[in-house]
There are 2 protein chains.
Amino acid sequence: MNFIFLDRPSPLSLTCIMGNRGKHKTACPPKISEKKEQLKAFLRRKGFKSTRQRDIIVTEFLKTGEHITAEDLYRKINRKNREIGFTTVYRTLKLLTKSGFATERLFADNLTRYEPLSAEDHHDHLICLSCGSIMEFENLKMERLQEKIAGEFGFCIITHKMEFYGYCSECRDKCPRHDD
Amino acid sequence: MNFIFLDRPSPLSLTCIMGNRGKHKTACPPKISEKKEQLKAFLRRKGFKSTRQRDIIVTEFLKTGEHITAEDLYRKINRKNREIGFTTVYRTLKLLTKSGFATERLFADNLTRYEPLSAEDHHDHLICLSCGSIMEFENLKMERLQEKIAGEFGFCIITHKMEFYGYCSECRDKCPRHDD
DNA sequence: AGGAAAATGAAATTCATTTTCAATTAGAAT
DNA sequence: ATTCTAATTGAAAATGAATTTCATTTTCCT
């Protein structure tokens, strides 16, 4: 087994991630076609080929937006395109990841999820243990504090992961707190 | 290439936890026998049984301290006790987890690691992508900030996960930063 | 001791992820 | 346009960690 890690994402232009109950995150319309152009350029540069399958997969991935598993994306695509196989979806997500257009995230449910990546995107996650919704947040103070802590250890951060598991405002009543 | 492939450190080096420069964490001698007493009491209360295997596994686990995979703990134990099977080690770690004596953690290498849990333990991790060492830190400011952010979302935190991936002070020179 | 319930451990199973391999396709070179 | 080569595809197989099964053994209550 190998441990794959991305270098800093290549400096691509913005993206945007859908809102999360409209509280902290600004929703801006994703420029899918622009991203696809960039990807195409990247592929050319690297000697990879543009294929119909990749185009469909990438489009669907960017449209979907976030936190999707290879399996789920495959199912989604497979409804319209019966001939595209899981392996290709999987490999495309890996390719996007390697080329800096997406990130892989492993949440506590042990499923790898992918999401489109943009350069400034440094958000963290709130994951509801009841309804499973994943909300995002970004907090500058947090980022600074992280840098500061890392600095105290002489540690050079490449990436980080921060997740809160608990109950969202809509599921608060289901929060057990004391069970056995 | 703008990404890095790291070989996963051998199981042994992975479990080696470096000190944390004495800045954030207080090292206190674990009261193994005391913990074992508590566990025994717990088992009795729940109608579970105390067995030789559990005793050995728990002792070894507590002695080891932290961040160990079921596989690694099994190998460690198996050296001296050829008759204890992997399954039992695995199940014991699960039991410890369910009963609150341990926690499971899933880091980005997709291996479940276990560590003894004590009530006050709320630490986070710095994981070196080069040598695989896992350092711990605790930061009160961070905890407060986390609560604050969660509060803003009306989110009730049950647990959280915070990990920095990067290069420790001893591996800084191996940090690629700019390669292609 | 006797007996019921729990524990054990080897082997089998599960399931997401990753790789293999033969067939197909993209795109550069001719 | 045709040819050629390397990349891509997708079904199937492999991998590997986590989990379950099941026959046997052990604990511990009476």
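It should be emphasised that the depicted structure is a prediction, and the values quoted were computed from it without experimental measurement.
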- Query: Closest nucleotide of DNA chain D for A:Leu43 versus for B:Phe86: which of these residues is on the 5' side?
  - Reply: A:Leu43
- Quickly work out the B:Arg82 CZ to C:dG9 P distance and round it to whole Å. 13 Å
- Task: Would you mind reporting whether B:Tyr114 and B:Leu73 have side-chain heavy atoms less than 4.5 Å apart?
- Result: no
- If you look at every strand shown and take non-hydrogen atoms under 4.0 Å, does A:Glu71 touch a base, only sugar-phosphate, or nothing? nothing
- Calculate the interatomic distance between B:Tyr90 atom OH and D:dG16 atom C1'; express it in whole Å. 14 Å
- Between OH of B:Tyr114 and P of D:dA17 the distance, given in whole Å, is 13 Å
- Task: Return the value, rounded to whole Å, for the distance between atom CG of A:Asn110 and atom C1' of C:dC15.
- Result: 10 Å
- Let me have a per-nucleotide readout for nucleotides 21-30 of chain D, 5' to 3', with B, S or -, counting only protein heavy atoms under 4.0 Å. B-----BS--
- Message: Please report the distance, rounded to the nearest Å, between CG in A:Asp109 and P in C:dT14.
- Response: 21 Å
- Item | B:Phe86 and B:Tyr90 aromatic ring geometry - parallel, tilted or perpendicular at 30°/60° bounds | parallel
- Message: So, OP1 or OP2 of C:dT8: does either fall under 4.0 Å of a side-chain N or O from B:Arg54?
- Response: yes
- Query: Which of parallel (below 30°), tilted (30 to 60°) and perpendicular (above 60°) describes A:Phe42 and A:Phe48?
  - Reply: tilted
- Task: Let me see the working for B:His160 and B:Asp124 under side-chain hydrogen bond (donor to acceptor under 3.5 Å, both in side chains), right down to the final yes or no.
- Result: CA-CA 9 Å; B:His160 74 263; B:Asp124 298 305; 2.9 Å; yes
- When the nearest nucleotide of DNA chain D is assigned to A:Gly47 and to A:Tyr74 on a heavy-atom basis, which residue is associated with the more 5' position? A:Gly47
- Item | Given B:Glu163, B:Glu136, B:Glu115, the one that forms salt bridge (charged side-chain N to carboxylate O under 4.0 Å, His left out) with B:Arg105 | B:Glu115
- C:dC15 P sits how many Å from B:Leu106 CG, rounded? 18 Å
- Item | Backbone N/O of B:Met142 and side chain of B:Asn139: donor-acceptor pair under 3.5 Å | yes
- Item | Whole angstrom value for the distance that separates P of D:dA18 from NZ of B:Lys98 | 16 Å
